[in-house]
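What you see below is based on every heavy atom in this structure, not just the backbone, and it leaves out hydrogens, waters and symmetry mates. Naming: A, B, ... by sequence-line order, numbering from 1 per chain.
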Amino acid sequence: MPDLVAGLGPYLPLLLEGARTTLLLFVLTLPIGFLIALPFAFARNARNRALRGLGHGFVLFFRGAPLLVVLFLVYYGLPQVPGIRQSVLWFLLRDPFTVAVIALSLNSAGFQTHIIAGALRNVPANEVEAARAAGFSRPQVFRFIVAPHAVRLGIRSFGNEAVFVLKGTAVVSFITVRDLMGAANQVYFRTFELVPPLVFAALVYLAAVFAVSRFVRLVEWHATPQLRRAR
Amino acid sequence: MNLSGLIGRASSICMIVAALGASLPGVSHAAAPEKVTIATEGAFPPFNQTEADGSFTGFEIDLGNAICKHAGLECTWVKQDFSGMIPALQAKKYDFIFSYMSINDERAKVGLFSIPYITDQFRFYGPKGSAVTLPAGLDGKSVGVLSGSTGERFIKEKWGDKVDVRGYDNLDQVNADLEAGRIDYGFNAQLPVSVFLASPEGAGYAWFGPSYSDPLLGRGAGAMFRKDETALRDKVNDAIRAVYADGTFKEIAARYFKPGVDVSAEPLWK
Amino acid sequence: MDLSLLAFGSGWGDALARGLLVTLALAAASVVLGTALGLGGALVATSRRRTAARLVGGYEVVMRSLPELLVIFAVYYGFSFALQALLAPFGVDGFVAIDAFWAGVLAIGMVHGAYCSEVFRGAFAAVPAGPLEAAAALGLRPLPTFVTVKLPLALRFALPGLMNLVVVTLKATPLVAAVGLEDLLRVAGDAGKNTKHYLTFYLAALAVYLVLAAAIWLVEGRIERRASKFLGA
C-alpha cells in the first residue's frame, strides 16, 4: 500500500479529487433518486390505471435504457430543446456535475421505484387490517405498520441498488466530470503505468461498497427486532 | 535452436492464445513487416473521419495511404479513441499511430516519432464579441479541450490555477458545449476548428488572441511507433520525404485545405 | 429529425445494423460465459470446500463492487501486457493482442458471472427437500439426482433473476466502446460525428435498447407462466 501511494506520487491529488467527486455524486444521487421514486412508487401501486401505467412506464424506461445513453441525452440532447436555455432549468443543466447528478438520480429512481413499489405491495394485508380495526388512522397505519415493514422487505434490494449507483458514477467522465474512474484513466494515459491507478480506484470502490453493506446491516438490525431477540 | 521444436512450441502457444480469443497473426519478425496496421481516431475532420460503410476518409487517410505505397507497405486502418492511443500502441494493438499526434518531449519518451508530416498551431476560439485580453481575461473562465491532447497539457500547465479546463472526447462535443454556453472558449489546433467556424453552426464564433507555438504543444504531428520499431520508422520517414518531393503532399493538401493554407512541415526537418 | 439518415443503403442503416449485431453477439457471448461461471461459482460456494467457497465469495464481492468500465480497462490493457510477458520467454514477441470484442466478453462475462452465482445460490437453497428425498429413496445416485432433479428445479427458481441479469448485461455492453468496439452506440456516435445529427442517432439507439429489453421481459414472463403451469405451482 505505501508503495502504491508512492508510485502514484504527483498524481495522488488528482485521484483524491476524483474520489471526492465520485463519493459526492454517490451520496447525492441515492436520496435524490429516492425522492423522485416515492411518488412514482405510489403511482405504480395506485388503483387508477393511468397512474399505474405511468409508474410502470417510468420503471421500464430506466431499467431498459443504458445509463450512457441517458447521460448523453440529458447532457447533449436537452440543450437542443427550444427555449430550455432561456428557462430556469438551464441554471441546473449548465453545469456538468449537476447534469450528472440529475441523470444518475433519474436512472436510479427507475430502479428505486421498482423496489419501493414491490416492498409496499408485499406488506401483509392482514396486518394493515388489524391495525385499522384497532383504531389506527391511515397516516398512523403507514407510519407504524406499512413503512417499517416495507423497509424490512426492501433494504437488501436498496443496498444492491446503492452499489449500482456507485458503479454508475464511473461513466460521468463522458460528460467532462472528472470522477475517480476518469482520474485513474488520466493517470494511466499520462504515466503509461496501468496497475497503480486502477488498483487505487478499485480499493476506493471496494471500501465504499463495504461501507454500504455495513449500513444495510445496521438498518436491518434496527428494522427487525424480532430477529434480534431470537439471537 | 531446433527449428521443428520451435515451430511446435509456437503453434501450441498459438492454440492457447486462440482459445483465449487473442489474435496472433505471426511469430516474431526481425525486419519491418510488409503488412502493417495504423491507428486513426476516425473523428477529427478534415484529417480523419468515419463513413457510413465503416471506411475512413480525410487528409491523413489519403496521405497515409500514399506513404504506405511509397514505403511498400500493405496498410490497414483501425480506429482508436485518441485518449487511449499510446497505451494501445504499447499493447501492440497496431504498428503505428497516424492520427494528428503532435510531437512533444513527453510522448517522445515512450515512443518513436517520424519526422513531422504536417504542422498546425493552437488558438483560442469563442463567441464573437466576447473578446478578451489574454491571458488575464481567462480568469475564472472555462475552456474546452480534447482529453489527452497537447492543448490540454499546455493550458493546465500555463493557467491551470485560473482556468476551468474541461476535457472532451471529440471536437464536436467541445463545439456543442460552446454553442450551449456551458464553456466560454475552446482551445485547439486551428485546422479542425476552422471547419467548424466555416459551418453555419460556427457562424457566431471567432478566433481570439495569438496562435501559440510551444514545446508543450509539440513540433508538428508525426507518425508514432513503439521504441524498438526503428526500421519501420525509417521506412516511413523516407516515404514522407518522398511524398513531399514528388508533389503528392501538395496535391492531397489541395483536396482538403483552402488555397493559401500552408500545412507543410518541411521547414521543420529540411 | 431526418429519418432518411437511418435508411438502409443510402443512410446509416447498414452501419447501425452491423453495430447492433456486435452488441447482440457481445451480450450473448457474455451471458453464456457468465452463466457458466455463475453456475460453477454457486456449486463451489454451496459445496463443503470452505476455502474454495470463500474464494468464490470474494470474487463475487469484488466483481459486483467494481465499475464495469474499470474491469474492461483492466482486462483490455492488462491482459495484453500479461500475455506478452507470459509469451516472451517462448520467443514470441509479435502482436499478442486480445481484441476489444473478446476483452469485452471476458470483462462483462466475469461481472455477469458474479451476479449469476448469487442467483443460482438462492435458487439451490429454494429447492424443496421433498423431491430430493424422493430421489434418494428411489436409490438415485448424487450426480443423476443433481442433473435430473435439483438442477431443473433450481433453474425454474433462477430463471426470473437470470433473465433480469441479461437486461443488466445488455445495458453494460456500450461501455466496451471505450476500448474501441464498434457496437450499436458507438456507431450511433460515429454517425452523429459525421452528420452532426447526434440526437437522431442516439434516440434511434435508445429505441433499439428499449425494444430489446422489452422483448427479454416478454420472454421471461412467458417462460415463467409456462414453468409454473408445468410445475402445477
Side-chain angles (χ1 to χ4, degrees), chain A residues 10-11 13-14 17-18 21 68-69 71-100 102-103 170-198, chain B residues 80-92 97 101 104-111 127 141-150 152-154 156-157 160-161 163-184 186 201 204 216 224 226-227:
Chain A
Y11 296 102
L14 189 72
E17 180 66 29
T21 306
L68 206 52
V69 183
L71 201 64
F72 270 125
L73 286 177
V74 175
Y75 191 81
Y76 291 110
L78 279 186
Q80 295 189 27
V81 175
I84 201 151
R85 268 145 68 186
Q86 285 74 45
S87 74
V88 277
L89 267 180
W90 186 243
F91 164 71
L92 293 173
L93 294 175
R94 195 173 184 275
D95 179 48
F97 181 84
T98 331
V99 173
I102 293 172
V171 302
V172 296
S173 59
F174 287 97
I175 57 164
T176 77
V177 179
R178 190 163 307 121
D179 70 315
L180 178 57
M181 187 69 229
N185 250 333
Q186 213 192 358
V187 173
Y188 172 37
F189 292 154
R190 285 278 287 278
T191 61
F192 307 107
E193 289 280 345
L194 176 69
V195 178
L198 280 198
Chain B
Q80 169 71 43
D81 278 350
F82 190 79
S83 57
M85 225 165 228
I86 298 174
L89 175 73
Q90 293 188 321
K92 303 193 177 180
I97 299 168
M101 187 64 77
N104 70 1
D105 294 339
E106 193 181 36
R107 287 172 179 163
K109 269 185 217 148
V110 294
K141 301 283 184 188
S142 49
V143 178
V145 293
L146 295 183
S147 289
S149 70
T150 50
E152 181 182 39
R153 190 69 209 285
F154 176 75
K156 279 197 177 152
E157 208 96 324
D161 47 338
V163 180
D164 177 11
V165 185
R166 306 235 185 116
Y168 291 82
D169 284 337
N170 63 63
L171 200 54
D172 279 348
Q173 295 177 346
V174 178
N175 296 337
D177 264 7
L178 204 55
E179 287 175 62
R182 282 199 183 110
I183 49 175
D184 299 301
E201 291 81 26
L216 277 177
M224 188 178 180
R226 280 182 296 277
K227 277 264 173 191

- prompt: Tell me, side chain or backbone of A:R94 under 4.5 Å from chain B's heavy atoms, or both, or neither?
  reply: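 Backbone plus side chain of A:R94, per the 4.5 Å heavy-atom cut-off to chain B.
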message: Less than 4.5 Å to any heavy atom of chain B: does that hold for the side chain of A:Q80, its backbone, both, or neither?
response: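 Contact with chain B: none, neither part.
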- prompt: B:K156, B:K109, B:R107: which one forms the most heavy-atom pairs within less than 4.5 Å of chain A?
  reply: B:K156
Spatial distance of atom CD1 (B:I183) from atom OG1 (A:T176) [nearest 0.5 Å]: 8.5 Å
message: Measuring from atom CD of A:Q186 to atom OG of B:S83, what distance do you get when rounded to the nearest 0.5 angstrom?
response: 9.5 Å
Atom group of [X] that falls short of 4.5 Å from chain A, counting heavy atoms:
X	answer
B:Q173	both
B:A176	side chain
B:R153	side chain

- request: Search all heavy atoms of A:V74 against all heavy atoms of B:R182 and return the closest pair with its distance.
  value: O-NH2, 4.4 Å
task: Considering non-hydrogen atoms only, spot the tightest contact between A:F192 and B:P87 and give its length.
output: CE2-CD, 3.8 Å
- prompt: Below 4.5 Å, heavy atoms only, C-beta onward: do A:F189 and B:I86 meet side chain to side chain?
  reply: no
